[in-house]
Number of protein chains: 2
Amino acid sequence: MSAPQPHPIPETIAADLALAIHEHRLAPGTKLSEEELGEIYGVSRTIIRAALQRLAHDRLVELRRNRGAFIAQPTVREAREVFEARALLEPRTARSAAERITEADLAALQHHIDDEHAAIAAGEAGRALHLSGLFHREIARIADQETIAEFTDQLIARSSLIIALYWQRRGALCESHAHHALMKAFAARDGALAEELMKNHLLDLLSSLDLRHRATAYASLREALNG
Amino acid sequence: MSAPQPHPIPETIAADLALAIHEHRLAPGTKLSEEELGEIYGVSRTIIRAALQRLAHDRLVELRRNRGAFIAQPTVREAREVFEARALLEPRTARSAAERITEADLAALQHHIDDEHAAIAAGEAGRALHLSGLFHREIARIADQETIAEFTDQLIARSSLIIALYWQRRGALCESHAHHALMKAFAARDGALAEELMKNHLLDLLSSLDLRHRATAYASLREALNG
DNA sequence: TGAAACATAATTGTATACAATCTTCGATAC
DNA sequence: GTATCGAAGATTGTATACAATTATGTTTCA
């Protein structure tokens with residue numbers, strides 16, 4: 001959606017597409033036609049190509065030469081590596097965050113959790129997943145490590161694709177408990193506990209994936225973006 | 001250099017520019033004119049813009065809207081964060097590498113060290129620095145963690161810029177000893193030792209930076225790229 | 001002399017046109 | 001009936017043209 005922004009620069013469009021991917025409105029493997037995207041956003045292919053290139057660099061989109069752009073389909077190996085990388089970065093980040101978190105930060109985190117619950121209650125699974133990612137993103141921001149936070153952002157985004165492909169038992173709200181426990185550690189400024197909880201949380205996530213099968217579900221571009 | 005490739009696609013040009021940055025032929029702050037680059041590489045601005053966008057995503061180039069592209073000038077804070085991130089990723093990577101390294105890998109690493117020494121002996125400081133980075137890059141490859149290796153690549157590239165800006169006492173061949181010690185740990189398949197050595201090596205690098213002053217040195221585009 | 005304002009030039013941002021490549025689908029041969 | 005070849009169509013790759021913005025240098029006024 002959001003066609004007529006004041007400056008529909010590539011960045012804006014890339015962000016919109018990324019959101020659609022996070023929320024599972026665009027499924028892995030979906031072809032992203034340049035002309036169609038151009039019509040949807042009301043810009044020329046020049047802008048679309050820049051946006052697609054950006055997404056490709058974040059590994060959310062795969063560019064095949066002379067073939068076009070497709071929503072990425074992470075392999076089993078990539079899925080493992082992404083969560084292993086997260087398990088390397090985020091626990092340490094959680095520790096830093098716990099050691100410097102402010103009351104305002106705590107309130108913001110709680111807000112994310114509340115929104116996530118509301119989305120689950122409303123049956124908006126995609127939005128809930130996105131908000132769950134934002135929880136992790138917020139922690140990286142609180143830790144005040146911009147460079148690592150950017151890597152984490154990228155890994156969270158790729159996790160959305162991985163979950164779309166390999167998470168079979170979707171209904172489970174397995175994250176809620178872990179996020180609540182993390183909140184308690186943050187509130188107590190217990191860095192060691194936060195680190196341990198985050199580590200286990202990420203390993204739980206990885207083990208909850210079924211890396212044997214791939215789920216498949218497609219949707220048209222206009223359906224996913226215009227709504 | 002390297003103007004008439006069979007397919008001077010953006011990727012090729014971005015790699016060439018990245019090499020020039022690694023080898024300190026292009027200094028931080030240098031303006032990258034689209035038209036001039038287009039003439040140098042014999043392609044239109046379309047290709048150049050794609051290459052610049054890619055480099056911007058790797059933080060080697062900064063894009064200022066309506067102003068143009070410039071070789072990035074990492075801040076003091078960014079310099080610290082980059083080496084902290086490396087200190088978080090690379091020691092673990094070195095451990096994995098040590099545990100699975102093959103004889104062929106060892107030979108390749110030794111080859112890098114030899115090349116580096118040859119470059120130092122020949123007074124090619126820029127090339128030596130680049131080869132020093134390749135040593136780290138090779139370790140990430142050996143560890144067989146593609147995702148983390150990519151992050152490491154990016155951090156190594158940014159380190160080149162940081163060294164250009166903040167490394168005052170350049171003559172010192174401070175890395176040689178550390179790389180030799182790492183080689184011994186790898187040869188002994190001693191993961192714990194490799195992890196420890198890498199950690200200290202990176203902290204040494206950070207502490208050898210003078211984060212109070214910025215060095216400045218410019219060169220013309222053609223001078224840096226056509227040679 | 002110094003600063004502000006304007007005109008001109010240069011550079012980047014975007015759209016469009018054309019070329020190259022791939023896909024599709026039908027015809028033909030076996 | 002299947003497979004292969006080929007032509008038409010569609011899509012991406014690149015170059016160019018034009019618009020928008022910024023940089024520069026000159027003029028004018030205090």
For A/His130, give me all partners under side-chain hydrogen bond (donor to acceptor under 3.5 Å, both in side chains), at least two apart in sequence or on another chain.
none
Separation of D/dA19 atom P from B/Asn66 atom CG, nearest Å, is 16 Å
Rounded to whole Å, the CZ-P distance (A/Phe70 to D/dT11) equals 12 Å
Does A/Arg65 have a side-chain nitrogen or oxygen under 4.0 Å from the phosphate oxygens OP1 or OP2 of D/dT14?
yes
I'd like to know if B/Arg77 and B/Glu81 make a salt bridge, using a cut-off of under 4.0 Å between side-chain N and carboxylate O.
yes
Any idea which of D/dT14, D/dT22, C/dG13 is nearest the B/Arg67 side chain?
D/dT22
From the set C/dT12, D/dT12, C/dT23, return the single nucleotide nearest to any side-chain atom of A/Lys31.
D/dT12
From D/dT14, C/dT14, D/dT21, nucleotide with atom closest to B/Ile9 side chain:
D/dT14
Whether B/His57 and A/His57 hold their rings parallel, tilted or perpendicular, with breakpoints at 30° and 60°:
tilted
Roughly, in whole Å, what's the span from CD in A/Glu36 to P in D/dT12?
10 Å
Here the distance between atom P of D/dT11 and atom CD1 of A/Ile48, to the nearest Å, is 15 Å
Separation of D/dT11 C1' from A/Leu52 CG (nearest whole Å):
13 Å
Sequence neighbours excluded, which residues qualify as salt bridge (Lys or Arg N to Asp or Glu O under 4.0 Å) partners of A/Asp153?
A/Arg137
Distance check needed: D/dG13 C1' versus A/Gln53 CD, whole Å only.
13 Å
Taking the axis from the first five pairs and the axis from the last five, what angle separates them in the helix from C/dT1-D/dA30 to C/dC30-D/dG1, rounded to 10 degrees?
0°
Contacts of type side-chain hydrogen bond (donor to acceptor under 3.5 Å, both in side chains), residue A/Arg54, not counting sequence neighbours:
A/Glu11
Just the table, please: protein N/O against nucleotides 15-17 of chain C N/O, every pair under 3.5 Å.
residue, atom, partner, partner atom, Å
C/dA15, OP2, A/Ser44, N, 3.1
C/dA15, OP2, A/Ser44, OG, 2.9
C/dA15, N7, A/Thr46, OG1, 2.7

Below the 4.0 Å mark, does D/dT11 have OP1 or OP2 next to a side-chain nitrogen or oxygen of A/Arg64?
no
Taking only residues two or more places apart in sequence or in another chain, which ones pass salt bridge (Lys or Arg N to Asp or Glu O under 4.0 Å) with A/Arg141?
A/Asp105, A/Glu138
Rounded to whole Å, the CD-C1' distance (A/Glu35 to C/dC18) equals 15 Å
In terms of side-chain heavy atoms, does A/Gln73 have a donor or acceptor partner in A/Glu62 at a distance below 3.5 Å?
no
Step by step, would you call A/Arg92 with B/Leu88 a side chain to side chain contact (heavy atoms under 4.5 Å, CB included)?
CA-CA 9 Å; A/Arg92 197 75 64 97; B/Leu88 193 55; 3.3 Å; yes
Does the distance from a Lys or Arg side-chain N to an Asp or Glu carboxylate O, for A/Glu116 and A/Arg127, drop under 4.0 Å?
no
